[in-house]
Every structure is written in structure tokens, then in C-alpha cells.
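Take a look at the structure set out below.
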Amino acid sequence: MSVLRVGNASGFYGDRFDAMREMLTGGPLDVLTGDYLAELTMLILGRDRLKDPGAGYARTFLRQLEECLGLARERGVRIVTNAGGLNPAGLADAVRVLADRLGIPVRVAHVEGDDLTAAHPGALAAHAYLGGFGIAECLRAGADVVVTGRVTDAALVTGPAAAHFGWGPTEYDRLAGAVVAGHVLECGAQATGGNYSFFQDGDVRRPGFPLAELHADGTSVVTKHDGTGGFVDVGTVTAQLLYETHGARYAGPDVTARLDTVRLSQDGPDRVRVEGVRGEAPPPTLKVGLNRLGGFRNEVAFVLTGLDVEAKAALVRAQLEPVLGRVADVRWDLARTDRPDAATEETASALLRLVVRDADQQVVGRALSGAAVELALAGYPGFHVLAPPGKGAPYGVFDALHVPRNTVAHVAVRHDGRRVPVPDVQDTAVLRAVPEPPLPRPLPPGPVRRAPLGLVAGARSGDKGGDANVGVWARTDDAWRWLARELTADRFRELIPEARDLPVVRHPLPNLRALNFVVEGILGEGVAAQARFDPQAKALGEWLRARHLDIPEALL
């Protein structure tokens, strides 16, 4: 069958607004996807729904569609999006109202069944991660627009591919190939040079959005529209493949994709071929993302300038100790951003960050803000703060659960209103770790030089609940031979002191010349709890690249 061209126009709720128009006008497409959901987004939408039961979906999508629905219809491009969030039926109805107002005849369908909030008392939102076959059912029935709630990000691609090529639920290798393509596309410009360690390899001032040319055998080519910014090469695709994954087995509701089988090759300018992907039966359970309100949070950053930084920090802590004794969770962090004999006041200053959490808003609100502000004329010399503390804001907690597949009712609601149950898979396989692959042969002995890891390796990091993953890859075979032997889990802990007392699991992926590290618990209760300076671990990989090791001079 013909090649299926699937593009992406959104990697998160708040991504570039005009990307939908750019993708529709920039070149040929068959399907345009949009990913609007993340763990934090589900919490935000849950709070929206508390204020308005008719809310709970990404309103940005509707505004984009108002400009672009006619374009999509004119070009024959179908739209598949998870912008339905907590209310896919509500967004589907809103799209119909919009289409009627614009006078554009479109068939709108949606997928539901992911909402398990009623089964989890106390949860703000609890949603199972569904696969792509509900989307496929809607497309096969003729839908022009398909709206979903919480499906896996890759399902936005596996669904259209299964519908187009007629794949069945046991065609694991083909489905796994589509999962890999979907994972590359899901974060938008991260596949075209955005957030990329070697960003200076191209012009990334305004990266274009990616698309994948999928084939019936599950292989694909990742590319972008001609004339758009950024670039696509083996490195940009490798970086995104490692993003927010764990081991060699990448489990999903439709298939478990073996990331250790992926082969990438440059197929021309801005074209990367993805092939060799093997798939296995999916796990017997479905992941459920559970968001709840954890209490109230407040913070203040004290600026400590000039001499005696440590003593000034100690004074603040001593002065606030009587108030903070009533707070359930208190965290102090001193960032020594100051320099001796600094040429500017800012570079002469350090930041002392105080973060407090408690179930009682009053405890972290007015009581803290009053005590902190009262120090203005009675504190350390040069006392000031970046901003006064507020009244205390609610924060969320994310938990990942797993439930038996037969407890989740996956339903496709066709454009004509007919509700079609989506059959579950017949075969499953318990997820197990892949045996450790053999190490590559070591480099011959030679002189070494103390230098940053980032001179020979790229990295990309992200969050999965309270865990962080850091994918590290080498750009040459010789660099891989050194990296695979040098960067052990123990060495990782040495380089990242925050991880020294935490479980760190290393997953080698030789085909990608990559190592994937999972740091368990480093993000506490997840991004919404904001437990650390970089709550989503977005820059953890870049910190690792900045650490110095003894690197063979032959690699430098």
C-alpha cells in the first residue's frame, strides 16, 4: 500500500500555536497529530474541571482548528489528537459546533474509556493509557477528526497506521515500528533540533515540526517539510528515542517495542530511516496515571551578596526556624552562583531557596510570608528576595499504577454516534528486563585528558513520575567503546551527587550507541510537586555532560 505521511503539530499544551497551519501548508500529509497531554497537564485540566464540569480539554486546539479546519478539509488531511484530555466527548462536541459555525462539513469521532477517576476516591484525575485501535476504528469508519483522552503518545501514530495498512493486533513488528515513529514525533521539534545537545550543528532558531513516512512493513523515514528550520539527523532522532524511556523493552498497550533492535541510518538531507524494530506481546496490565492534590506549597529565594554567604544563609535559617517548626516539609537549597571579586552585583550573589509544603494553606501562606518580609530590616546585610512569597498554592502529586486490562473499557465513538467496544489483545507477556548485552571491546591504551563528557557524548533527560531518565549516546564507534565501559551506574552516581543514595539502573542500547539511566525517586512526588530546582529533570542530562572525566585524547 502507499506510504502514510503522518505529521505532528504539538508536543505539549502550549506549544507553538501556528504549527498546525505550518504543517498543513508546508507539504503533503495524510494525517496530522497533536500531543497536548503530559502528567502535569492532566493535573491542570483536572483543576479546570473542578471549576467547570464542561472543561477538561485543551482549548488551544479549538482555536488552532478555527484557523485550520478548512485547510485540513481542503487538503484531505485527517486530524488525530489527544487534546480531549479529561473530556474527549466535550471537545468532540465543541469541534462539531465550530465546524457548523464555519460551514465546514467534517465527521468527528472520539475515543473514551480511559477515565478511571471514579474508581480512585481522592484522585483529581485517574486515567488509563489506551492504545491506538480505538483511533483506528474511528478512522476506518470515516472520521475526519478523532479526539481522544489519555492514550499513549505513540498511539496517535499507531492508530492511523493500523487503519491505513490494515494491521491486526498481533502484527507486533509492524506495530512496534509505528510506536518508535510515534515516539520520535510526539515531542514535536525535539526531533528536528530542539533541546538538542549538538544544537550548533544546524540553524535551530525556529525548528520545523517532524513528520514520518510510514510503510506497510513498519519501517519509516523521519523527516520534515522542505524549507522549515532545524534539521533531522541520526543524532536528533537518537536523542528523542531515548527521551522518557526506561529499558530496552518499551511497553505500551498495543505492543512492547524492543528499542535495542532499532536501526537508524541517514537517508539523505533531513531524512533518517528507522528499521529493524521488533515487537512483542504487550503486558497484561495497563498503566494508569493518577493525579491528586498533595497540599499547599510556597517558596522564597533570598539573595545573598558578597562576603560571608554561608554565615548569611545560616542567619536566615535561624531567624525563620521558629515559624518553620510548624511546617510538614521544609527544604533549603543554597546555590553558590556567586564569584569572588565579581564585576556585577548579580555575579556577586548566591541564591538561598526555601520551599515549604503542608496540608494547611495558612501554615505555608501568610505565616511564612509575614515572617520572611519582617526580616527586610532585621536580616543579613544586603537583604532582598527575588519575589515576595505568596499565599501558598496547591500542588499535585502523580502516581503511576497498573490495573488488569479487563478492568478498562476501551470504546470508539464513531462520527455517527455508534459506540464500538474495542477488543482487547488476546496475548500478553509479563515485562522482563533484557539480558545485559556484551560490552564492546575496549579502546587501546593511550593518553587521557580531563574534559567534559559532553565533548564526546550527547544526552537528553526527562521525567516519569518521581523518576528521571537520562539517555546518553556517543556519535562515533570509538566513543561508544569508551562510553559503554566508563559510564557505569556507579560512575553516574559519582558525577551526579543527588543520585548517590538513590537506585540508578543502566540500560545499554548498542544499536544506538547509547546508555539509558533511570534514577529512581530523584523527582520526589513528580513534576507538580516541584521537589527540586529542575522539577522535570529537563537539564539533568546537560549537567551530566558538563561533568569532567578522564577522556582518551584520541576522542577529543
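Only a predicted model underlies this, so the values are computations on that prediction, with no experimental measurement involved. This chain uses plain numbering: 1 for the first residue, then up along the sequence. All values below come from the heavy atoms of this structure, side chains included, with hydrogens, waters and symmetry mates left out.
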Are [X] and [Y] close enough for a salt bridge, meaning some N to O gap below 4.0 Å?
X      : Y      : result
Glu310 : Arg336 : yes
Asp115 : Arg150 : no
Arg475 : Asp201 : yes
Arg339 : Asp341 : no
Asp329 : Arg331 : yes
Glu494 : Arg491 : yes
Glu22  : Arg16  : yes
Arg500 : Glu498 : no
Arg63  : Asp18  : no

(Q) Checking the side chain of Lys287 only, and the main-chain atoms of Ala251 only, is there a donor and an acceptor separated by less than 3.5 Å? (A) no

Does [X] have more than 12 heavy atoms from other residues, nucleotides or ligands lying within 6.0 Å of its [atom1]?
X      : atom1 : value
Glu436 : CD    : yes
Asp501 : CG    : no
Arg405 : CZ    : yes
Glu346 : CD    : no

**Q.** side-chain contact (heavy atoms from CB on, under 4.5 Å), paired with Gln190, selected from Val184, Asn195, Thr236, Leu185
**A.** Asn195

Q: Answer yes if the ring centres of Phe199 and Tyr196 are under 6.0 angstrom apart, and no otherwise.
A: no

Q) Do Leu45 and Tyr13 come close enough that some side-chain heavy atom pair is under 4.5 Å? A) yes

Q: Decide yes or no for Glu520 and Val504: does some side-chain heavy atom of the first lie under 4.5 Å from some side-chain heavy atom of the second?
A: no

